[in-house]
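Order of listing sets the numbers, starting from 1, for every ligand and every atom in it.
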Amino acid sequence: MVMAISHSFRFARASLVHHSNGLKSFAFRIPVSSVSTLATKKKFTQPVASLLEFGGVKIAKDDVVRDDPTNNVPDPIFSKLGMQLHRRNQHPIGILKNAIYEYFDTNYPNKFDKFDDLCPIVSVKQNFDDVLVPADHVSRSYNDTYYIDPQTVLRCHTSAHQAELLSGGHNHFLVTGDVYRRDSIDSTHYPVFHQMEGVRVFSPEDWEASGLDGTAYAAEDLKKCLEGLARHLFGSVEMRWIDAYFPFTNPSYELEIYFKEKWLEVLGCGVTEQEILKRGGRSNNVAWAFGLGLERLAMVLFDIPDIRLFWSTDERFTSQDLWSSVPRSLTYSYFHAVFPGPIGDQIQAIFEAKSVLQLFYFGFPPCYKDMSFWINESFTENNLCEVVRGVAGDLVEEVQLIDNFTNKKGMTSHCYRIAYRSMERSLTDDEINELQWNVRDQVEKKLNVVLR
Ligand code: PHE
């Protein structure tokens, strides 16, 4: 299956900071940005965050999760705030971030300012208005975005920081962070994932000598830069540029690579809308921007079969040995570079690491349960998925519509198949039956539908 486009690039649908703002968390026992130590070999302790601190401002759970119709953030989402998988150097998300940093550091030494601890709680203005997302764009809906209150959201993309950093005078920057989207449930979708944003600003002297206008110059530079990045990560792959739409760039493109016999969408990008630069006091400049989803790429590069694994606290997944003893050796380019040669230690390590992953995924069978109900006008699949996750957490692997019909009275029935599977152990029948009964109960109560 081609990975669903909506995950990283919701804005592609035509229908689609400050340094001081560092996110610090305490009451956590999770090592972040840690280097290899014996202590971190221990199983990660589940987060016990009760209070987060963002640039000196303390944020309690009650500030984020409220029983109020203008708030749609559930408990499990709060528990993800401040986990910062992208700041763990031994985690596949952190390893990938560092591999991208490596590309920019080599090709543009000391140029790009890097931000990876900007607060994920942002204003509606930062998340949408500042990047010109139209007032009626679907991404603004309560169905798609987590609202803390009508003016405050959990950022749904790292583009939320573009405007501030531009007006703060930054000309080259990379922003990495956790982003939040209400979404359906399957092996490539999770309501929290990680993105990296890149922005580069040009001055007239940059393009004047080239004979091109600013926009053409920026577009050419952007493509060259990102093709180089794709080769750095994936080796010498075939690539193609697809015209796209984003509210904040024009022209806009998506980069696809031909990888493992499929075209894979790698990122979205384009030449920054002049209005954004103008508002940032940069009328004379031209800029490019890109945004990429780290999970999507890490799943392919590290052969990770299910997005829930990134959040696993299972010692076998979080083990230093699995990822750090063979840093980036699972990446395609490395694999490619060494494969024709003798099968050395590294190749062996690849297979060992892979077999650990296979064990996670293929070791335990899924269990399917169907449920049917008459929907009402306000029913949405994202709301259903939130309820199912609220009950079953990461034990739910997929929620799939398998039947849909409308009767003569105009009532519509949906039948959903829920796949339960643990990444870490076998689930018992009793356990699954209990989950399913709770799901039925909560779906009926919270979504006001009539079970059949
Ligand atoms: N913010 C876009 C998304 O999440 C990605 C993007 C970033 C596209 C920057 C263009 C430029 O869908």
Side-chain angles (χ1 to χ4, degrees), residues 3-17 86 97 100 104 112 115 118 120 122 124-134 137-141 144-146 153-166 170-183 188-202 215 218-219 221-223 225-227 229-230 241-256 264-277 280 286-297:
M3 286 190 202
I5 288 167
S6 62
H7 197 221
S8 300
F9 305 120
R10 175 192 299 173
F11 294 94
R13 299 264 164 101
S15 59
L16 176 120
V17 203
H86 58 286
K97 179 194 80 172
I100 301 173
F104 281 94
F112 280 80
F115 301 86
L118 301 180
V122 299
V124 165
K125 178 176 176 300
Q126 288 171 295
N127 200 68
F128 297 120
D129 304 338
D130 286 353
V131 281
L132 315 177
V133 175
H137 196 277
V138 58
S139 63
R140 291 187 184 243
S141 72
D144 286 34
T145 291
Y146 289 108
V153 296
L154 300 180
R155 68 180 162 215
C156 70
H157 56 168
T158 41
S159 304
H161 301 289
Q162 269 193 23
E164 257 178 278
L165 290 170
L166 281 170
H170 296 279
N171 285 327
H172 300 77
F173 55 88
L174 301 171
V175 179
T176 314
D178 36 333
V179 300
Y180 297 78
R181 294 184 189 178
R182 299 187 81 232
D183 220 328
T188 62
H189 289 80
Y190 201 80
V192 191
F193 60 102
H194 297 78
Q195 281 190 332
M196 190 189 289
E197 189 92 0
V199 172
R200 178 173 192 187
V201 180
F202 297 97
T215 303
D221 186 83
L222 170 70
K223 288 183 173 176
C225 168
L226 294 175
E227 285 170 12
L229 174 62
W241 289 98
I242 311 281
D243 287 333
Y245 164 83
F246 298 103
F248 20 91
T249 48
N250 187 17
S252 304
Y253 312 98
E254 279 162 12
L255 175 61
E256 294 189 346
L264 169 79
E265 193 185 302
V266 174
L267 51 80
C269 64
V271 178
T272 304
E273 278 287 358
Q274 209 52 36
E275 178 64 20
I276 298 177
L277 292 169
V286 167
W288 56 238
F290 71 83
L292 54 82
L294 292 172
E295 272 81 353
R296 169 198 293 264
L297 299 189

Look only at interatomic distance and state if [X] has a nitrogen or oxygen under 3.5 Å from any nitrogen or oxygen of ligand 1.
X      : result
Gln195 : yes
Ser159 : yes
Glu197 : no

State, yes or no, whether a side-chain contact exists between Val271 and Pro251 at a heavy-atom distance under 4.5 Å.
-> yes
Check: Val153 and Val122 side chains under 4.5 Å, non-hydrogen atoms | yes
Using a strict cut-off of 4.0 Å, indicate which atoms of ligand 1 neighbour a heavy atom of [X].
X      : value
Gly268 : 6 (C), 8 (C), 10 (C)
His157 : 1 (N), 4 (O)
Cys269 : 8 (C), 10 (C), 11 (C)
Arg181 : 3 (C), 4 (O)

Asp178 and side-chain hydrogen bond (donor to acceptor under 3.5 Å, both in side chains): which partner among Gln195, His86, Arg155?
-> Arg155
Using a distance-only test with no angle check, is there a side-chain donor-acceptor pair under 3.5 angstrom linking Glu295 and His194?
->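 A donor-acceptor contact under 3.5 Å links the two side chains.
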Between His189 and Arg181: side-chain donor-acceptor atoms closer than 3.5 Å =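 The criterion, which ignores hydrogens and geometry beyond distance, is not satisfied for Arg181 and His189.
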Of the side chain and backbone of Phe290, name the one, both, or neither that has a heavy atom under 4.0 Å from an atom of ligand 1.
->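 Looking at Phe290 and ligand 1, just backbone atoms fall under 4.0 Å.
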Can you list the steps and then say if Tyr253 with Lys223 is a side chain to side chain contact (heavy atoms under 4.5 Å, CB included)?
-> CA-CA 9 Å; Tyr253 312 98; Lys223 288 183 173 176; 3.7 Å; yes
